[in-house]
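Below you'll find the structure, written out as structure tokens, and then a few comments.
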Amino acid sequence: MAFLSTGPIENSPVSGVRPSQTLTVKFVNNSTVSSSSVLIEGYVLNGTRTLYVLELLALSPNQVVTRNYFANLNAFEFQFTVSGAAENETEISVWGRNAAGQLVAAHRLVSDELLGTDAGATGATGVTGPTGATGPTGATGPTGATGSAGATGVTGPTGETGATGATGPTGETGATGATGPTGDTGATGARGPTGDTGATGATGPIGDTGATGATGPTGETGATGATGPTGDTGATGANGPTGETGATGTTGPTGETGATGATGPTGETGPTGETGPTGPTGPTGFTGPTGDTGPTGVTGPTGDTGPTGPTGPTGFTGPTGDTGPTGVTGPTGPGIFEWGQETIFWADSKAPGPGTGTPEDPFNSLQAAITAATSSSYAVQFGMRARLIILIAADSAFDEDIVIPPARHVQLLGLGPWELGNSQGVNFSSTVPRNVTIQTNPALEDSYTSQGPQFVARPVTVIGTFDNGTSVSTHTNYTNGAIISGNISFENVAVGDPFTTIEFQLHNANVVGSILQAGHQGQLNTYIYNSRINSATHTGLRIQRMIDSRSDGTITGAVYSEISNSFINGSVNLNATFDVPPRGIFSTQFGAIQWNGSLVLDTSSNYYFVTNGATLVTGTKTILFSIA
């Protein structure tokens, strides 16, 4: 028999996250003819050494098996006891994995690295393979803290050098190092070629005309010279000052008209000058002949009505005419639709009351609302098929006991927090507990279901709010929903057979008292969501769902199907069942309680069950492991 161990594995959080979240263990039986078995033991190392994994694994010839175990712990250790004919041919390796499923190098132990107490003789040394080229030396990492030296295991036989394994996945990129200092500015490069000339910008607006300069003195008139040949027209010079007009010379012969030059582009229109002053009005001209009459213009608005004249005297009443024939009756109008008039009733403890159950005139008594709903003609006709909803105003407090009659479907749902009690104590507690009684009567139920399939349904009671509330670990969860200050009792009022199946749900509710059996027999299918209960005692209690909830007292009943994300702080007397899958207890904590009955739970729930000192008194425990 060979004994192997990982030794203590340190797994403390780094930046709030433990390196290994799960532990993968791989088992290989290298024998082609013989079998072996491995006893697997996992321990939590938390001041004490506590067993949290126990499994016996049988390995057939050439079989390879992989197991994954919960490892989100500060420290743990796994031990493997190998026996059977293939004991010496069975190999085990251990691999830590982070939350992303990647391997954690620090928690990697192959078969030869596990601590052992039974080693074979040292075999012949295999041929040394050729030395590979030396890779570049990596940067020296920081020196880690020196761990305690483990016991030196006996040297196992050196096998032949195996083929190099496939390169593992690239590790996550490390954090970017700090930016180094800025280097010196390099020499300025040679100037590049001049770029193409850009497009000419738009011509700016013409500036204002400058003031006209003073006229210079007029020079003497020179003698008129002979007319020389006409030279090319020079560029027009700037206008000089205008001299005095000389004597008119003899008109020369008219030269031939030159060719008309091309029309230059029209200049931009200058700004419009200011309007000059209006000239004096000229004399009125003679009146022209009258033109033809134009078309009639649009009629102008009607003037105000004049005062009414005095009423004239009433004339004599004429004889009554014969009655005409009756006309055909028109179709009936649509009438007035009232939303939910047969199934929805409103209640508000602060209303003036007594009320009629409408949104405008709600009942100020919760019992009055229940009575009106359950005794309506619709409810009386259809029984459990009439799904009755009592909508309760937020912050209502009904200081009264209530009774829900048998063979009915009733939902008490708050539009916000509400209480059955006077709400005068600390955290809305009641100084006088107020109770809920839910009555059952199999004979009355049968009177409905015997009428046909359209009448078949179960009695249902729902208590809570539309808001699902928050986590059960917070204080507000027990004050922001429905608070039942007393007990909830299931009372049989039938003469004879007391057995029937009823449905019961809590949604964001806090039952301060107890859930009690008061004569009712049969199944009580119970669903508890975001709620807190104290104790519950009913031989037919079947907890089908308990989600995000808490129990503080003893629960005694028949069975449970699923309990998730909850806190069990009182003892339990229940067995597991397959009524509503998945079966078991998941991600749930326990107080130091006693459990009687079969216990099916996942590894995290089992950790809290063991660590917090809970005890399995009777029944068997089944721990749900991952087999991926």
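Given the structure is predicted, the values throughout are model-derived calculations rather than measurements.
- Ser549 contributes a side-chain N or O that, together with a main-chain N or O of Asn530, makes up a donor-acceptor pair within less than 3.5 Å.
- Within the cation-pi definition used here (under 6.0 Å to the ring centroid, within 45° of the axis), Arg49 qualifies as a partner of Tyr43.
- Remark: side-chain polar atoms of Thr611 are not paired, donor with acceptor, to backbone N or O of Tyr608 under 3.5 angstrom.
- Without hydrogens or angle criteria, Ser514 side chain to Leu516 main chain gives no donor-acceptor distance under 3.5 Å.
- Of the residues Ile623, Ile585, Thr620, Thr622, the one that meets the side-chain contact (heavy atoms from CB on, under 4.5 Å) test with Leu599 is Ile585.
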List the steps, then state whether side chain to side chain donor-acceptor pair (under 3.5 Å) holds for Gln544 with Thr526. CA-CA 6 Å; Gln544 308 291 23; Thr526 302; over 6 Å; no

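- Counting heavy atoms from C-beta on, the side chains of Trp346 and Ile392 never come closer than 4.5 Å.
- Note that CG of Leu388 and CD1 of Ile344 are 10.0 Å apart. Values are rounded to the nearest 0.5 Å.
- Without hydrogens or angle criteria, Arg458 side chain to Ile502 main chain gives no donor-acceptor distance under 3.5 Å.
- Not one N or O on the side chain of Ser20 forms a donor-acceptor pair closer than 3.5 Å with the backbone of Gly96.
- Separating the CZ atom in Arg550 from the CZ atom in Arg532 is a distance of 4.0 Å, to the nearest 0.5 Å.
- Ring pair His507/Tyr529 is parallel by interplanar angle, where below 30° counts as parallel and above 60° as perpendicular.
- Taking both residues in full, the closest heavy atoms of Ala457 and Arg385 are given as CB-CD, 3.8 Å, listed atom of the first, atom of the second, then distance.
- Considering only heavy atoms from C-beta on, Asn11 comes within 4.5 Å of His107 through its side chain.
- Between Tyr52 and Phe78, the angle of the ring planes goes over 60°, which puts this pair in the perpendicular group of the 30/60° scheme.
- In this model, no donor atom of one side chain and acceptor atom of the other lie less than 3.5 Å apart for Asn606 and Thr603.
- A donor-acceptor distance shorter than 3.5 angstrom exists from the side chain of Asn422 to the backbone of Gln424, with no hydrogens or angles considered.
- At distances below 3.5 Å, at least one donor-acceptor pair connects side-chain atoms of Ser376 with backbone N or O atoms of Ala379.
- Not one N or O on the side chain of Asn487 forms a donor-acceptor pair closer than 3.5 Å with the backbone of Ser489.
- Using modelled atom types and a 3.5 Å distance limit, the side chains of Glu562 and Ser564 yield a donor-acceptor pair.
- Checking Lys26 against Ser93 by side-chain atom types alone, no donor-acceptor pair falls below 3.5 Å.
- Of the possible polar contacts, one joining the Ser485 side chain to the Arg434 backbone as a donor-acceptor pair under 3.5 Å is found.
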Criterion ring-ring contact (aromatic ring centres under 6.0 Å, His included) on Phe455 and Phe382, from CA distance to verdict: CA-CA 6 Å; Phe455 288 88; Phe382 290 99; 5.7 Å; yes

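- The aromatic rings of Phe490 and His520 sit tilted, their planes meeting at an angle between 30° and 60°.
- Annotation: side chain of Val65 is in contact with side chain of Leu57 (closest heavy-atom distance under 4.5 Å).
- In terms of heavy-atom proximity, Gly597 sits nearest to Leu616 at O-CD1, 3.6 Å.
- Between Gln594 and Val617 the shortest heavy-atom distance is CB-CG2, 3.8 Å.
- Between Arg67 and Glu55 there is a salt bridge, since at least one side-chain N of the basic residue sits less than 4.0 Å from a carboxylate O of the acidic one.
- Separation of the Tyr560 and Trp595 ring centroids falls under the 6.0 Å cut-off.
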